[in-house]
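The figures here come from the full heavy-atom set of this structure, side chains too, leaving out hydrogens, waters and symmetry mates. Throughout, protein chains are lettered first and strands after them, A, B, ... in sequence-line order, and every chain is numbered starting at 1.
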Amino acid sequence: MSEATLPAQPIEDIAPAARFRAVRRFVRHRLAMVGVVMILVLVLGSFLGPHLYPFDDLRIDMRNRFQVPFMGPHWLGADPLGRDLMARLMTAGQVSLAVGFAAMILSTLVGTAIGAVAGFYGRALGGALMRFVDAMLCFPNIFLLLTLAAFIQPGVWTITAIIAFTSWMEVARVVEGQFKTLRERDFAIAAMMIGSSDARIIFAEILPNAVAPIVVAATLNVARAILLESYVSFLGYGIQPPLPSWGNMLNSAQQYLTSAPWLAIFPGLAITAAVTGFNFIGDGLRDALDPRLDA
Amino acid sequence: MTALLFELLDVEKSYELRGGGAAFRPGPKRRLRALDGVRLTVARGDSVALVGESGSGKSTLLRVLMGLTSPTDGRALYGGQDVTQLKGERRAAFQREVAMVYQDARGSLNPRLPVLDLIAEPIRHHKLRAGPAVRDRVLELLDQVGLPAATLKRYPSQLSGGQVRRVAIARALASEPLTIVADEAVSGLDVSTQAQLLNLLVELQRRMGLTLIFITHDLGVASFLCDQIAVMYLGRIVETGPTRAILERPAHPYTQALLNAQPRFFAPIAQPLQGEIPSPIDLPPGCRFAGRCPRAVPACREDDPALMPSGQGRAVACIRPLTAAA
């Protein structure tokens, strides 16, 4: 054995692995950090806030109907029934954020599965799947959503499913493109030469290398899912009162827009903050995970 | 007489090209012949160097040999069976017995896996070891290629070019193969690393009876490592035979030209080849080397010479070989 052994080579000054460099780039991305702070505030506020805040979101307080923000016991004012707006925003935030996240997870899973199969197997199967994706993309999203919502009993889970159903296509396209290129790379071919199974090549070899664009697409999908949920709820087909969501709070604020504008302003701000926050994070991730920076 | 491992029988690989025409009016179909009538046999224990300029079809030949590309004509056999038709057990055996070292070593290693998993992959797949023995075997292989145990946890991006090359070789050895097929495995490395890796390969070949198929454009590497040499030009093997005989007395003018183009100490390069390697699209009739051949006669532009045996295990595709008494 000794003759065939090469003199050992010392391994020194090691460049940090690409993943740590990506984390550093993300942390240094100012806008992304702004987004992270915005989302943290919204998430913590929605899920921890109700435990600390003295008012219940469903308690009716007729003496303080239409209380103006900062001018009474209710911090952000009260609605026509005297319910505390801040408390309602928190509960609505739980619903809207949960729907957004769940829809993102569902749409990412579906999109990744379809994109992976289409990209890896290609040919007729891949072509058929991608033409289906194109067809789905041709529908105006919001009408599809409304049509579906009109036929299906609205609820948190059905709304989540409907939103996921209308927003998995982008992920599928991204994943398909990644798989198409990665399967031609030498390491994928090497795995095929060893005789690894398709499942192993897809999950162990290719998917880990396609994570970055999937994460970016998924983050941007959360923002879109929150926005879609707001649309549908605003139009009355989404989350049904008394369960509040940022969208249906806007809906019920419509008729008081001139007399009690704060009822619309604060949910509107919450939606804006959530959507921009996730978009900032998505942009930051896109920049940080750019493989060209790791060359 | 040892058993034949690989046989290429008149392998042809051509690609159809379209283009050049205006929109909606595709131009005439053209054929790019990457490989054209290639015959090559490799017996167990042989070491064969494939030599030729870039674009001569070396890598395509390798892909056909490995069953990654099916030839448009002719057959590629492994142990007497068509490589693209191998099924079940025979296929699994082929995958274990033939290991490849890729031209782009870094590209052939999954950047998301540490060295331990990269080298363990073939061991686990072929169930050569189990449990903690896998790790021991990986350490043994690393030691063999001269990498310290600390390499185990590194990712390819944390290794230098030479180290990545060693990992790729260790990975190829991991499946305990009978044959190693290497595509430019040592090119682009500094001379001392190159020498170490070449010594390792020679040693492994002698000790374990490995069969080597080695693509290189470096005649020096070829002469050091391989007993047999096959010179390729434009998708065809123009000369084969024992390395020593060919390098000492080349028969094909192209081989001669390659030898002349090798830089030597203090000497100007004698006779650089005129012109570029022609495009393999729509080749003119006659010998494909005729346009650059210093010995070309009018007949060379009419007849396309086939690879004919010329004695002593050699074969040459030329109507006026240099070895003929003329």
Side-chain angles (χ1 to χ4, degrees), chain A residues 1-25 123 178-179 181-215 289-295, chain B residues 63 66-68 91-92 94-96 98-100 102-114 117-118 121-122 125-126 140 142-151 154-160 162-163 166 168 171-172 174-175 181 193 196-197 199-204 206-208:
Chain A
M1 189 59 60
S2 59
E3 290 108 317
T5 302
L6 293 185
Q9 266 217 337
I11 293 209
E12 336 87 18
D13 49 74
I14 288 137
R19 59 183 69 176
F20 299 119
R21 273 180 280 165
V23 169
R24 210 164 48 204
R25 278 198 297 269
R123 296 171 192 264
Q178 287 288 317
F179 268 66
T181 34
L182 288 171
R183 63 161 301 191
E184 297 299 328
R185 291 268 297 272
D186 275 352
F187 67 82
I189 293 172
M192 287 174 210
M193 287 309 303
I194 289 171
S196 300
S197 63
D198 287 357
R200 203 191 135 72
I201 295 172
I202 289 174
F203 289 110
E205 303 284 344
I206 300 183
L207 197 56
N209 286 289
V211 162
I214 295 176
V215 167
L289 296 172
D290 189 341
R292 276 167 297 185
L293 298 175
D294 284 325
Chain B
R63 288 183 67 90
M66 300 295 285
L68 287 170
R91 175 150 200 85
F94 175 72
Q95 284 160 346
R96 195 191 67 69
V98 184
M100 182 152 173
Y102 294 79
Q103 183 166 18
D104 173 12
R106 198 177 288 280
S108 74
L109 302 173
N110 187 341
R112 300 277 165 189
L113 291 179
D117 288 329
L118 286 169
E121 199 175 343
H125 180 79
H126 298 297
E140 199 178 299
L142 281 179
D143 187 50
Q144 220 168 21
V145 296
L147 288 172
T151 322
R154 302 260 183 275
Y155 288 86
S157 62
Q158 296 169 304
L159 299 173
S160 74
Q163 291 165 340
R166 288 161 199 255
R171 189 177 199 233
S175 65
V181 179
T193 313
Q196 285 179 359
L197 291 177
N199 278 328
L200 171 72
L201 286 170
V202 166
E203 177 63 34
L204 287 169
R206 298 227 173 95
R207 211 159 41 80
M208 317 206 298

Chemist: How close do N110(B) and E205(A) get, heavy atom to heavy atom, and via which atoms?
Modeler: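 Closest heavy-atom pair between N110(B) and E205(A): ND2-OE1, 3.0 Å.
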
Chemist: Heavy-atom cut-off 4.5 Å, strictly under: side chain, backbone, both or neither for M66(B) against chain A?
Modeler: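 Both parts, backbone and side chain.
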
Chemist: Write down the atom of E121(B), the atom of A191(A), and the distance for their closest heavy-atom approach.
Modeler: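 So the two residues come closest at OE2-CB, 4.2 Å.
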
Chemist: When you compare the side chain of M193(A) with that of V181(B), does any pair of heavy atoms fall below 4.5 Å?
Modeler: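 No; the side chains remain at least 4.5 Å from each other.
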
Chemist: Against chain B, label I189(A) side chain, backbone, both or neither, depending on which of its atoms sit under 4.5 Å from a heavy atom there.
Modeler: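 For I189(A), the contact with chain B is made by backbone and side chain together.
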
Chemist: Considering only heavy atoms, which portion of R171(B) lies under 4.5 Å from any heavy atom of chain A: side chain, backbone, both, or neither?
Modeler: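 For R171(B), the contact with chain A is made by the side chain alone.
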
Chemist: For the residue pair A190(A) and Y102(B), what are the closest heavy atoms and their distance?
Modeler: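 Minimum heavy-atom contact is CA-OH, 3.1 Å.
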
Chemist: A188(A) versus chain B, heavy atoms under 4.5 Å apart: side chain, backbone, both or neither?
Modeler: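 When you check distances to chain B, no heavy atom of A188(A) falls under 4.5 Å.
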
Chemist: Measure the OG-NE2 distance between S197(A) and H125(B) for me, rounded to the nearest 0.5 Å.
Modeler: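 One gets 7.5 Å once the value is rounded to the nearest 0.5 Å.
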
Chemist: Any side-chain to backbone donor/acceptor pair from D186(A) onto G107(B)? Under 3.5 Å, distance only.
Modeler: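 Here the side-chain-to-backbone pair does not exist.
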
Chemist: Top residue by heavy-atom pair count (under 4.5 Å) with chain A, among R96(B), H126(B), R91(B)?
Modeler: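 Heavy-atom pairs under 4.5 Å are most numerous for H126(B).
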
Chemist: Is L142(B) in contact with chain A via its backbone, its side chain, both, or neither, using a 4.5 Å heavy-atom distance?
Modeler: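 No part of it gets close to chain A.
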
Chemist: Between A92(B), S175(B), S108(B), which residue shows the highest count of heavy-atom pairs closer than 4.5 Å to chain A?
Modeler: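 Greatest number of close heavy-atom pairs with chain A: S108(B).
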
